[in-house]
There are 2 protein chains.
Amino acid sequence: MDKMPKGSATLRDVATAAGVHPGTASRALNEETRSLVRSETVERILFAAEQLGYKPNLLARSFKTRRTNSVGIVIPDINNPLFPPMVRGVEDRLFDSGFVTLLANTEGDPDRQRKIFESMVDRRVDGLVLATASRKDDDLAMFAAEGIPIVLINRVVEDATFSSVSVDDVVGVRMAVDHLRNLGHVRIGHVAGPQSMSTGHARYHGFLSSMAASGAPADPELVAFAEQFSVAEGERCATALLEKKRRPSAIVAGNDMLALGAVSAVEHAGLRCPEDVSIVGFNDMPFVDRLHPPLTTVRIPHYSIGARAADLLVELVRDQRGPLRVVVLAPELVVRQSTLRVPAATR
Amino acid sequence: MDKMPKGSATLRDVATAAGVHPGTASRALNEETRSLVRSETVERILFAAEQLGYKPNLLARSFKTRRTNSVGIVIPDINNPLFPPMVRGVEDRLFDSGFVTLLANTEGDPDRQRKIFESMVDRRVDGLVLATASRKDDDLAMFAAEGIPIVLINRVVEDATFSSVSVDDVVGVRMAVDHLRNLGHVRIGHVAGPQSMSTGHARYHGFLSSMAASGAPADPELVAFAEQFSVAEGERCATALLEKKRRPSAIVAGNDMLALGAVSAVEHAGLRCPEDVSIVGFNDMPFVDRLHPPLTTVRIPHYSIGARAADLLVELVRDQRGPLRVVVLAPELVVRQSTLRVPAATR
DNA sequence: CGGCGCCGCGCAAACGAGTGCACCCGCGGC
DNA sequence: GCCGCGGGTGCACTCGTTTGCGCGGCGCCG
């Protein structure tokens, strides 16, 4: 009875099989328009569809409806352990909502980012999750112009003109410096992340204000600026700090990558972490608890960030023109073994 | 002069602007058919296209040509540090070839995997890169049936019925056991990965044969089988091994995750790695060099695996019915600090 | 000088689904 | 008994691009 479906059954096929017009079949198969068709015929059509193993051609549908049920997620580099959990969060949620996820890495290259953006809009993604925003990002205007829903994660833009989900960077670093203060540290250094990104910027200023608020203000000598969030840059900056005449007894790093570079730096300087210098990171990337030494750091809810972002995004694509929403999640200090009370002798 | 493009200029628009028929414009714009139209008119059309900022509607094109220039990459879990570099490899190459990458995580759940597969074929991806194959995987038949090009990475299926790129698991473990032998170890245990996967299977048998070939065959007491490649399972299996009356002085783990679990196990047993028991992993995941202790492991070229897979795949989608190709890359032992010569006393 | 071939291009038919509009029929109200 | 109304379907067009086909014109060769 079954006839061999070449390719697969088309809407017209089920229509003729059910003895109705393709238009009617379309309505019957589509949830929202199903009420327009007599329930009896609906059943006949559904049966025929089932029988023929009808699968709607998503390309044709997307072409007609201009909705692809796909969203892009663009990040700097999936190799950065910070991102996999976030990606996972958005992918999980999005898939459950019937969306498919296009992944792209910018590698921090503006040209490549632009090409990625173009590729995404050309493919008519329904929305985007971006983890690559600069504090001022002109390319984002492209999407605004196209009317494509966006939600930023982790980093945000300066003028809150897009929905976003991130964590409170300044309370995060405050927790870090307070922790260090409580351990008796006074000369606290900072290897700051790139100031072109909101994370690097906010954490730097958070460091400054926390220091000022907790006794002795920061020594300008003791902050170095990394060009990027990499361990190489972290090492470079940290060695610079350690070479000062009066080196810091503790360093708060702009993120975990920089922190890793910092511990390398103290080792290469013939010192030990944490005995000689304490280090605290930011992000609590996977596996930093197993590093040597296990890293004290401020934890951010990676997965939740992704998941919340996905939720916001589906909301945005469903009822277009939704309000712009910015959610800020709370960080949490997790103390491990890279920080130590400063010995009474050296105090 | 410019007229405001609502949405964007269509092919018809540039055709009328250039005073030609849409069909002609199509040919002129398309690289391969361009030779069919007089170069003079080509130029006119190109100019008009440029002028109007014409961007072809990829949805319409895909709908017509049945090619989406998209490929799916499905992996167990992007959180496993093994995969980001591979994903990166395929994404890089694919993007350069004009493809976009759909990412999906199966989480090892067959139901979810099936849904992902369906989603992918429904979206008419041009090809797939799969890192989730079981040794016998029936779901893969779905793609074979649909005629969708596939290349397997890392894991392969038993009957080499798909193109794949992987590493030589048995020479990998042989390097591991030879290394251990050279350090004087004789009681060498193995926490084996899941036997349903080619990696777990091949490494286990590689362990057996290498042991036999290098002196004393493996003691069946000293191998435990993990249900999955996780640190929890690694810890469970390793503690089981350590509880034997005559515990092993070294353990080769099915992969780095299991190895991490194993070092936890020796620590929880009140022993030390590597002083009391040496451990060697497999994969050389990112950051295992910074772990405590830095892990001796056999390195596989993650990025290259992804990149080669991508190359194979574009080759497959370009000239359909290409030959099935299986490439096997060479592993490499990297010795760090989780392995140590067994002290003469205990030898 | 006539016919054949080829080049360049227009024409129109797809691809598969969604959707405004019109039509038909049955029923209820006046 | 007639008119109106509305639920249920059919009809045809649309989305934007690709592509087979055919036609007109020009050049070349016989």
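Lettering follows sequence order; numbering is per chain, from 1.
Counting to the nearest Å, the P atom of C/dG16 and the CG atom of B/N57 are 17 Å from each other. Rounded to whole Å, the distance from CZ on A/R12 to C1' on C/dG18 is 13 Å. To the nearest angstrom, C1' of D/dC15 lies 13 Å from CG of B/D13. Distance, A/L11 CG to C/dT19 P: 12 Å, rounded to whole Å. Put simply, CZ on B/R44 is 11 Å from C1' on C/dC9, counting in whole angstrom units. Nucleotide C/dG8 holds its P atom 17 Å from the CG atom of B/N30, rounded to whole Å. Per the geometry, CZ belonging to A/R27 stands 9 Å off P belonging to C/dT19, to the nearest Å. Atom pair B/L58:CG and D/dC15:P shows a separation of 18 Å (rounding to whole Å applied).
Ring-base stacking between B/F63 and D/dT17 is not satisfied when judged by a centre separation under 5.5 Å and a plane angle under 30°.
Of the candidate nucleotides D/dT9, C/dA17, D/dT17, D/dT9 has the atom lying nearest to any side-chain atom of A/R38. Here the side chain of A/P56 is nearest to one of D/dA12, C/dC9, C/dA17, namely C/dA17.
Heavy atoms of A/P22 sit nowhere under 4.0 angstrom from any nucleic acid atom. Heavy atoms of A/L59 sit nowhere under 4.0 angstrom from any nucleic acid atom. Contact annotation for B/S26: base contact, defined as any heavy-atom pair under 4.0 Å involving a base atom.
B/R123 contributes atom CZ, which lies 7.5 Å from atom OG1 of A/T68 (distance to the nearest 0.5 angstrom).
Heavy atoms from other residues, nucleotides or ligands lying under 6.0 Å from CZ of A/R114 number 12 at most.
Along DNA chain C, the nucleotide closest to B/R66 and the one closest to B/V42 are compared, and the more 5′ of them pairs with B/V42. With the nearest nucleotide of DNA chain D identified for both B/T33 and B/A60, B/A60 has the one nearer the 5' end.
The two atoms that bring A/L312 and A/S164 nearest to each other are CD2-O, 4.2 Å, heavy atoms only.
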Test log, rule salt bridge (charged side-chain N to carboxylate O under 4.0 Å, His left out), inputs A/E43 and A/R38: CA-CA 9 Å; A/E43 223 165 308; A/R38 185 160 37 128; over 6 Å; no

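Between the side chain of B/R27 and the backbone N or O of B/S35, no donor-acceptor pair lies under 3.5 Å.
The shortest distance between the side-chain N/O atoms of A/T65 and the OP1/OP2 oxygens of C/dG18 is not below 4.0 Å. The side chain of B/T10 contributes no N or O atom lying less than 4.0 Å from OP1 or OP2 of D/dG16.
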